[in-house]
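One-based numbering, in listed order, for ligands and for the atoms of each. All figures in this text were calculated on a predicted structure; none of them were measured in a lab. Nothing fancy with the numbering, it's 1 onward along the sequence.
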Amino acid sequence: MTICSFQPPRRTLMGPGPSDVSDRVLQAMARPTVGHLDPSFISMMDETKQLLQYVFQTKNELTFAVSAPGSAGMECCFANLIEPGNTVIVCQNGVFGGRMKENVERCGGIAVMVQDDWGKAVDPSKLEDALKANPDACLVAFVHAETSTGAQSDAKTLVDLAHQHGCLTIVDSVTSLAGTPLKVDEWGIDAIYSGSQKCLSASPGLSPVSFNQHAADKIKRRTTKVQSWFLDLNLVMGYWGGEGKRAYHHTAPVNCLYGLHESLVIVQEEGLQNSWDRHQRNHLALRDGLEKMGINFIVAEKDRLPQLNAVTIPEGIDDAAVRSRLLNEYDLEIGAGLGSLAGKVWRIGLMGHASSQKNVDFCLNSLRAVL
Ligand SMILES: *Cc1c(COP(=O)(O)O)cnc(C)c1O
């Protein structure tokens with residue numbers, strides 16, 4: 001049997017990620033591969049760093065893309081900042097907070113969990129109680145935009161509380177970056193990670209991260225080696241940092257980085273504030289259409305993420321059947337519920353390039369036809 005070239009169908013991606021990748025980004029990825037130490041590639045990496053500083057709203061020197069998906073950015077933050085025996089407070093209000101706990105424990109840390117209901121924002125007063133009860137804690141971790149539920153937490157307030165109690169912060173911004181206001185320096189976030197495939201609309205496989213001086217100092221003061229060789233920032237920075245003198249660490253995913261660079265150029269052209277506004281505008285249009293159909297949101301209005309709309313599946317409707325009809329008849333992907341919300345909700349993404357009035361109309365019309 002001869003296996004032929006793979007021809008993927010052309011879908012509209014309105015799930016929890018990946019989001020639609022524009023032709024412009026796809027074309028950038030099809031440009032000739034150069035060596036990863038080629039001078040032209042190195043200047044593209046320098047531009048990528050500047051563009052990432054812009055989308056994160058930071059001046060942090062230690063800002064770059066980990067060569068692997070968002071989960072690796074998560075692991076990079078935890079592996080570098082935790083030393084065995086460290087106490088870490090993890091706020092959980094969905095699936096991804098649970099993964100943070102796993103990371104803390106695998107790094108030899110002690111996780112203190114602060115639990116909130118799924119679909120609610122993290123409650124700052126619960127974090128404050130945990131900080132008072134655990135004076136030895138040195139880190140606080142939370143998810144800014146919980147993709148499993150569509151809830152957004154007040155990152156600035158949580159970071160302020162952590163700092164008042166002498167803790168550094170790790171923030172998951174995989175779904176928030178470029179979709180909803182996020183200001184790393186103004187809010188004082190110490191370590192942050194994101195993903196290329198959500199509101200940046202690049203292909204999956206890269207994880208933008210940024211660390212401030214306090215985080216860098218904690219990493220420098222370590223008395224134990226970072227348990228991951230690949231993610232050890234001291235080694236990675238020899239490649240991404242160090243003006244002009246790059247040392248080989250690993251072979252960067254060259255064409256994938258062309259795509260990220262192009263997607264960041266697109267955000268810069270639009271302007272970050274305009275991108276945030278567009279996400280909000282399309283969210284409101286989708287909300288109005290869904291509510292007219294009697295479909296309701298699971299998150300209270302003030303905590304809703306514009307880029308991830310989690311709605312209750314109407315009574316008597318077969319979840320899987322609807323999603324497979326949308327996929328097969330309309331080439332439209334929407335997301336299923338995760339964890340305790342499986343079978344109860346749909347997650348409709350309006351992320352990055354996929355956040356458009358055209359997609360809102362298409363999704364509403366397709367859903368109406370199928371229901
Ligand atoms: C998607 C996502 C991740 C994981 O990113 P991958 O690229 O799938 O590894 C982590 N956290 C949140 C909040 C996410 O939405």
Side-chain angles (χ1 to χ4, degrees), residues 13-21 52 55-56 64-79 90-104 106 116 118-122 141-155 158 169-180 182 184 189 191-210 228 230-231 253 256-257 259-260 263 279 299 303-310 333-342 345-352 354-355:
L13 300 178
M14 296 181 72
S19 61
D20 281 339
V21 179
L52 285 174
V55 291
F56 275 129
F64 66 100
V66 175
S67 300
S71 304
M74 177 186 277
E75 200 138 346
C76 180
C77 290
F78 285 88
V90 175
C91 304
Q92 180 174 19
N93 60 340
V95 166
F96 292 99
R99 291 193 179 181
M100 288 179 152
K101 175 173 190 277
E102 272 291 318
N103 270 274
V104 172
R106 283 165 195 244
D116 275 290
W118 288 35
K120 294 235 165 76
V122 171
F142 64 88
V143 180
H144 184 210
E146 241 309 343
T147 324
S148 62
T149 67
Q152 167 159 225
S153 292
D154 179 353
L158 298 174
T169 49
I170 297 178
V171 179
D172 178 319
S173 67
V174 177
T175 284
S176 56
L177 186 67
T180 211
L182 170 64
V184 170
I189 293 168
I192 190 160
Y193 59 92
S194 188
S196 50
Q197 79 278 28
K198 307 221 178 174
C199 296
L200 293 177
S201 280
S203 73
L206 289 169
S207 178
V209 294
S210 186
S228 163
F230 186 68
L231 297 171
C256 209
L257 280 159
L260 177 65
S263 72
H279 282 85
V299 176
D303 299 328
R304 276 178 207 158
L305 280 171
Q307 61 275 55
L308 196 286
N309 300 268
E333 178 182 285
I334 66 166
L338 263 191
S340 66
L341 294 173
V345 305
W346 287 319
R347 291 180 301 150
I348 304 177
L350 284 171
M351 297 183 179
S355 176

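Between Leu338 and Trp118, the shortest heavy-atom contact is O-CZ3, 3.7 Å.
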List below, pair by pair, the N or O atoms of ligand 1 and of the protein that are less than 3.5 Å apart, including the distance to 0.1 Å; reply 'none' if no pair qualifies.
{"unit_1": "ligand 1", "atom_1": "7 (O)", "unit_2": "Gly70", "atom_2": "N", "d": "2.9"}
{"unit_1": "ligand 1", "atom_1": "7 (O)", "unit_2": "Gln197", "atom_2": "NE2", "d": "2.7"}
{"unit_1": "ligand 1", "atom_1": "9 (O)", "unit_2": "Gly70", "atom_2": "N", "d": "3.4"}
{"unit_1": "ligand 1", "atom_1": "9 (O)", "unit_2": "Ser71", "atom_2": "N", "d": "2.8"}
{"unit_1": "ligand 1", "atom_1": "9 (O)", "unit_2": "Ser71", "atom_2": "OG", "d": "2.5"}
{"unit_1": "ligand 1", "atom_1": "11 (N)", "unit_2": "Asp172", "atom_2": "OD2", "d": "2.7"}
{"unit_1": "ligand 1", "atom_1": "15 (O)", "unit_2": "Thr147", "atom_2": "OG1", "d": "2.3"}
{"unit_1": "ligand 1", "atom_1": "15 (O)", "unit_2": "Thr175", "atom_2": "OG1", "d": "3.2"}
{"unit_1": "ligand 1", "atom_1": "15 (O)", "unit_2": "Lys198", "atom_2": "NZ", "d": "2.7"}

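The shortest side-chain heavy-atom distance between Val90 and Val104 falls under the 4.5 Å cut-off. Within the 4.5 Å cutoff, no side-chain heavy atoms of Glu75 are placed close to those of Ser228. Using a 4.5 Å heavy-atom cutoff, the side chains of Gln307 and Lys198 are not in contact. The closest side-chain heavy-atom distance from Tyr193 to Cys76 is not below 4.5 Å.
The closest side-chain donor-acceptor pair between Ser201 and Ser19 falls under 3.5 angstrom.
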